[in-house]
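Reminder, nothing fancy here: chain letters follow the sequence lines and each chain counts from 1. When reading the values below, keep in mind they use all heavy atoms of this one structure, side chains included, and skip hydrogens, waters and symmetry mates. Remember, it's a predicted structure, so these values are computed and weren't measured experimentally.
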Number of protein chains: 2
Amino acid sequence: MLSFAEENYLKAIYHLAEQSGQSVSTNAIADELNTKAASVTDMIKRLSSKGVLSYQKYKGVYVSEAGKIAALQVIRKHRLWETFLVAKLKFNWDEVHEVAEQLEHIKSPLLIKRLDELLGHPKFDPHGDPIPDENGEYKEKPKTPLFELQIEQSGIVVTVQDDSPAFLQYLDKIGIYIGAKIKVIDKVEFDGSMEIQIDGRKTNFISKQVSENIWLTE
Amino acid sequence: MLSFAEENYLKAIYHLAEQSGQSVSTNAIADELNTKAASVTDMIKRLSSKGVLSYQKYKGVYVSEAGKIAALQVIRKHRLWETFLVAKLKFNWDEVHEVAEQLEHIKSPLLIKRLDELLGHPKFDPHGDPIPDENGEYKEKPKTPLFELQIEQSGIVVTVQDDSPAFLQYLDKIGIYIGAKIKVIDKVEFDGSMEIQIDGRKTNFISKQVSENIWLTE
DNA sequence: TATAATTTTTAGTCTAATCTAAAATTTTTT
DNA sequence: AAAAAATTTTAGATTAGACTAAAAATTATA
């Protein structure tokens, strides 16, 4: 059984490993968790002895198969709680992360089973990220940045790359949410900005920077 | 800000103080929390220095006004979560306590506000215990044990004295739940058992021991 | 390839929360 | 009211998790 702190390390290391595809360095972990390299060394020794990481001195760490299963269950819990907060408790996108960070460590298989049922076995969280099932399995949606669509093409918002409160609040304001249908009305070659229509109603002008951070599926 | 462990001590001490009306002894706290007297002494020093307990060596502790407010907020969270688990996630009475012990320590005022709204501002939890409001205020229902009702009298189940899984499962089985209407059909003087009708439908025979543990209001 | 810079580990310290054993205090019994 | 019993506190250790400073190893640079 992993502690709260151990689960946080494992989850962070799992994410870093997925991104890089390589072994994860002590410093990268320390940066990610806002802690010091010495603390990380202590913790990765502990996690290795528990069998969820494999570690060689000075060579960084890999997540073991057992570690991946454990990490995916924490991620599952995090994303189910985020979905619950938005769907049932009317939280905004930018308000869920902190609370889900706490809730993901609650130990109760029945709780997660029932939460999953209450939410109708969702496959994606409010940010469009996939929710692993009880076996750790999930699939990503094939997705492209809004920026790459051509005039007259459309798609459904599935995720955003930037999840800063400022960006999420801006999206809220102009009426963009996960599941919104966006159609490209016009593209301005000069600065990369575009005019879009949201859910067949409002139209809006958005900058290149924004359109690169909104990802869609068909 | 109190830690997880500090909140648990404070809550336990608050309950013990309410029951006895006097100062709470080190050993009583150790018994309640299944820990050792020496650990309790350490913790009550820490909680005193934080202003939630008042403590004199060898004389036991009292909960300060600030301590009562803090304890009632933890109790509020615990009972709201229990209500949520039963009302929304179909937990049984005997399954909620352990999970609520974890959930009560989640730090998020917004979460509790929204949970309270989702549940319709409940005043009592699934065991019939009152849920304090944001200011720590609550009122008990006036209640009597089923055993004391006379033939033809009736009432609504508000709480049970015994909350062992065995007892709660027995109640489930014979169809008794918080909110059930019970009418006394007959009383057997010999052994104190009685015949009751539940929700105007089923009738059942229950022992004296059972009828003493079920409490009703009008 | 030797030196410098960076990264990682080790060694030692700190705090929260726990424990055991012994000492101090209070309560009970005779 | 003195002795015995029970309770409570202190002293000293332990563990998880974090830190700083210094040592060791690796990587980059000249």
Side-chain angles (χ1 to χ4, degrees), chain A residues 1-14 16-17 19-20 22-63 67 70-71 74 101-102 104-107, chain B residues 1-14 16-17 19-20 22-63 67 70-71 74 101-102 104-107:
Chain A
M1 178 110 321
L2 300 182
S3 73
F4 193 111
E6 288 166 342
E7 284 188 346
N8 276 340
Y9 270 91
L10 178 59
K11 189 175 59 134
I13 295 167
Y14 175 85
L16 291 169
Q19 277 167 37
S20 72
Q22 307 181 355
S23 84
V24 181
S25 78
T26 304
N27 264 356
I29 299 166
D31 277 10
E32 178 70 22
L33 292 172
N34 297 307
T35 185
K36 296 297 152 74
S39 309
V40 173
T41 302
D42 280 355
M43 183 57 96
I44 62 189
K45 281 180 185 167
R46 203 165 334 140
L47 289 174
S48 300
S49 80
K50 291 198 175 193
V52 294
L53 296 181
S54 73
Y55 164 60
Q56 276 184 283
K57 267 192 197 176
Y58 294 100
K59 303 292 178 189
V61 293
Y62 291 90
V63 181
V74 179
E101 281 294 299
Q102 298 178 61
E104 72 188 11
H105 302 293
I106 302 290
K107 262 96 183 161
Chain B
M1 179 112 316
L2 299 182
S3 73
F4 192 111
E6 288 167 343
E7 284 188 346
N8 275 342
Y9 270 90
L10 178 59
K11 190 175 60 134
I13 295 167
Y14 175 86
L16 291 169
Q19 277 167 36
S20 72
Q22 308 182 354
S23 85
V24 181
S25 78
T26 302
N27 264 355
I29 299 166
D31 277 9
E32 179 70 21
L33 293 172
N34 298 308
T35 184
K36 295 297 151 71
S39 310
V40 173
T41 301
D42 280 355
M43 184 56 96
I44 62 188
K45 281 181 185 168
R46 200 164 338 137
L47 289 174
S48 299
S49 80
K50 291 199 175 191
V52 295
L53 296 181
S54 73
Y55 164 59
Q56 275 185 285
K57 264 191 197 177
Y58 294 101
K59 303 293 179 186
V61 293
Y62 290 90
V63 182
V74 179
E101 281 294 300
Q102 298 179 63
E104 71 187 10
H105 302 292
I106 302 291
K107 262 92 182 166

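- Inter-residue side-chain proximity for V74(B) and N8(B) is flagged as unmet; no heavy-atom pair is nearer than 4.5 Å.
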>> Within the 4.0 Å limit for protein heavy atoms, which parts of nucleotides 6-13 of chain C are touched? Write it as a string from 5' to 3', B for base, S for sugar-phosphate only, - for none.
In response: -SBBB---
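- Atom P of nucleotide dA18(D) and atom CE of M43(A) are separated by 5 Å, given to the nearest angstrom.
- The side-chain contact (heavy atoms from CB on, under 4.5 Å) test applied to D31(B) returns no partner, not counting sequence neighbours.
- Partners of A38(B) under the side-chain contact (heavy atoms from CB on, under 4.5 Å) rule, at least two apart in sequence or in another chain, do not exist in this structure.
- For residues 2-12 of chain B, the pairs satisfying salt bridge (Lys or Arg N to Asp or Glu O under 4.0 Å) are E6(B)-K50(B), E7(B)-K107(B), K11(B)-E101(B), K11(B)-E104(B), with sequence neighbours left out.
- Rounded to whole Å, atom P of dC14(C) lies 17 Å from atom NZ of K36(A).
- As rounded to whole Å, 14 Å separates atom P of dA16(C) from atom OH of Y9(B).
- Here Y55(B) pairs with T41(B), I44(B), K45(B), S48(B), K57(B), V61(B) under the side-chain contact (heavy atoms from CB on, under 4.5 Å) rule; sequence neighbours left out.
- With sequence neighbours excluded, the residues that form a side-chain contact (heavy atoms from CB on, under 4.5 Å) with S39(B) are Y9(B), T35(B), K36(B).
- Look at T35(A) and you won't find any side-chain N or O under 4.0 angstrom from OP1 or OP2 of dA18(D).
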